Amino acid sequence: MQALLDINGFYANAELVFDPKIRGRPVVVLTNNDGCICAVNQAAKDAGVGKKFVPYFQVKEDLQRVNAVVRSSNYELYADMSRRFMDTCSRFAPNSHIYSIDECFLDFGSSHSAPPEGWDAYGRYMRRTVWKEVRLPIGVGIGPTPTLAKAASHAAKRIEGFNGVAVIDSDHVRRSILSQMELTDVWGIGRRLAARLELLGVKNAWQLAECDPGWIRKQFSVLVESTVYELKGIKKLDWDEVRAPKKEIYSTRSFGQRVMDKASLRQAILTHVGIAASKLRDQNSLSGHMVVFGANSPHDNAPYYSRSFTHKFPSYTSDTTLLSAAASRLVDQIYSRGIRFYKVGVGLLDLVREDTYQRDMFTINKDKPELMACLDKINGRYGRNSVFVAGQGVEQKFSMRREFLSKQYTTRLSDLPVIKCK
DNA sequence: TCTGGGGTCCTAGGACCC
DNA sequence: TCTGGGGTCCTAGGACCC
């Protein structure tokens with residue numbers, strides 16, 4: 001059996017943990033640069049301001065009207081709360097897998113035998129324990145495959161009667177839950193696939209589960225075919241595949257303000273190179289191919305401008321200085337006078353594992369692994385960007401707009417909550 | 001005053017080469 | 001006189017996830 005534990009409205013509820021004054025009020029959290037709403041608590045949903053990924057400025061007045069608390073994304077806080085949540089989760093099962101910042105899969109192995117108290121009771125125990133230790137509300141979904149565990153967790157939160165825990169352990173329950181789920185509620189089925197499925201007469205999750213996998217493969221792809229198998233209770237997703245090193249790594253961000261000069265564009269792009277390269281070394285990979293891109297805003301009143309250029313490395317590398325030099329040359333191609341750049345980014349593609357990569361004896365290897373190891377070690381200890389390539393710019397001026405930022409309650413000494421006793 | 005997220009994987013189609 | 005194949009690389013953008 002598999003379990004999925006996921007935090008309800010994670011960022012919004014994380015804001016409540018160390019700030020008792022705002023409990024009970026609607027809370028919404030904004031994305032980078034305070035652009036869109038990305039997380040909401042139950043009170044915000046109840047107040048009718050719970051829609052995600054709408055631009056903040058469009059709903060600002062609605063939020064004021066219901067006296068909502070608005071917060072910028074406090075990643076320092078969320079990352080630490082996520083770590084605490086994952087720590088607690090890892091005690092519940094022999095194997096756990098961190099799927100995203102607020103979701104943890106637990107693998108109870110091939111045995112279908114329930115714990116002595118039964119799956120439902122165990123699910124409630126896990127939920128209670130996370131609340132007790134981390135003060136975050138979660139949903140628990142349990143089922144024979146990851147996709148069904150995900151469906152159960154959907155039911156735990158959205159279908160009345162489950163109260164936070166749902167277990168798919170019989171065909172009867174499987175049918176009942178899937179019949180009440182839209183196609184887009186199924187993991188791996190988005191808006192477009194759902195529309196195509198509906199044209200073929202498949203209207204909900206249960207009907208998808210009943211499809212012939214071979215037919216689905218012909219109409220769509222092996223990925224959708226796997227989803228159908230998983231909905232039937234036949235396991236196709238494997239954590240080894242999920243855990244496999246990434247094939248592409250990106251770092252991209254929109255600017256707090258539009259950028260129009262080449263020097264700033266270069267600094268921003270080199271900053272992304274630094275972030276992507278550090279992720280690359282984290283997974284012990286080398287990159288053979290880099291893509292750098294920049295664009296203006298599709299919302300600006302100007303013709304859409306978007307350019308991307310690639311560079312192929314003579315020899316696979318993970319060295320920030322070599323990646324930066326190549327990216328710096330591509331900036332000249334991306335830059336164009338008069339364009340109000342809104343977003344830039346860097347992708348590292350064609351990744352290979354460092355330990356199996358056979359170096360080419362005819363190419364001079366300019367990598368400086370000792371320097372990179374040293375850089376990673378210093379940044380790991382003293383915080384990201386303690387040491388960086390000078391091309392990123394010493395002012396570090398691309399800070400995000402975070403107007404409504406809460407404190408770093410758990411990671412900065414001066415921000416520790418204080419309880420005063422009389 | 002002005003404001004619209006970030007990441008990964010995959011593929012269509014054009015350009016170019018032999 | 002007119003016609004014709006197959007592979008690789010690159011850019012753009014779709015689709016999905018949170």
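Letters A, B, ... mirror the listed sequences (proteins, then strands); counts begin at 1. It should be emphasised that the depicted structure is a prediction, and the values quoted were computed from it without experimental measurement. Atom set for the values below is all heavy atoms of this structure, side chains included, hydrogens, waters and symmetry mates excluded.
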Q) Looking at the rings of A/H311 and A/F309, which for Trp means the six-membered one, are their centres under 6.0 Å apart? A) no
Q: Have a look at A/H311 and say if it touches a base, only the backbone sugar-phosphate, or nothing, with a 4.0 Å heavy-atom cut-off.
A: nothing
Q: Spell out protein contact along nucleotides 1-10 of chain B as letters: B when the base is contacted, S when just the sugar-phosphate is, - when no protein heavy atom is under 4.0 Å; keep the 5' to 3' order.
A: --BBBSSBBS
Q. Taking any strand in view, what nucleotide pairs with B/dT8 in a Watson-Crick or G-U wobble way, both distances under 3.5 Å?
A. C/dA15
Q: Using a cut-off of 6.0 Å, state whether more than 12 heavy atoms not belonging to A/R23 lie near its atom CZ.
A: yes
Q: Indicate the ring-plane relationship of A/Y78 and A/Y75, choosing parallel, tilted or perpendicular according to the 30° and 60° boundaries.
A: perpendicular
Q) Would you say a side-chain N or O of A/S308 is under 4.0 Å from OP1 or OP2 of C/dA12? A) yes
**Q.** A/R84: which of A/T88, A/D80, A/D87 passes side-chain contact (heavy atoms from CB on, under 4.5 Å)
**A.** A/D80
Q. Hey, does the Lys NZ or Arg CZ of A/R340 hover above the aromatic six-ring of A/Y342, less than 6.0 Å from the centre and inside 45° of the axis?
A. no
Q.
Roughly how many Å apart are C/dC17 and B/dG4, using the P atom of each and rounding to a whole number?
A. 25 Å
Q.
Ring-plane angle category for A/W187 and A/Y99, please: parallel below 30°, perpendicular beyond 60°, tilted otherwise.
A. perpendicular
Q: Classify the nucleic acid contact of A/V186 as base, sugar-phosphate or nothing, counting any heavy atom under 4.0 Å across all strands shown.
A: sugar-phosphate
Q) Checking all strands, does A/I101 fall into the base, sugar-phosphate, or nothing category for heavy-atom contacts under 4.0 angstrom? A) nothing
Q) Under 4.0 Å: is that the gap between some side-chain N or O of A/W187 and OP1 or OP2 of C/dC18? A) yes
Q. Is A/G345 touching bases, backbone alone, or none of the nucleic acid, heavy atoms closer than 4.0 Å?
A. nothing
Q) A/S100 side chain: which of C/dT11, C/dC16, C/dC18 is closest? A) C/dC18
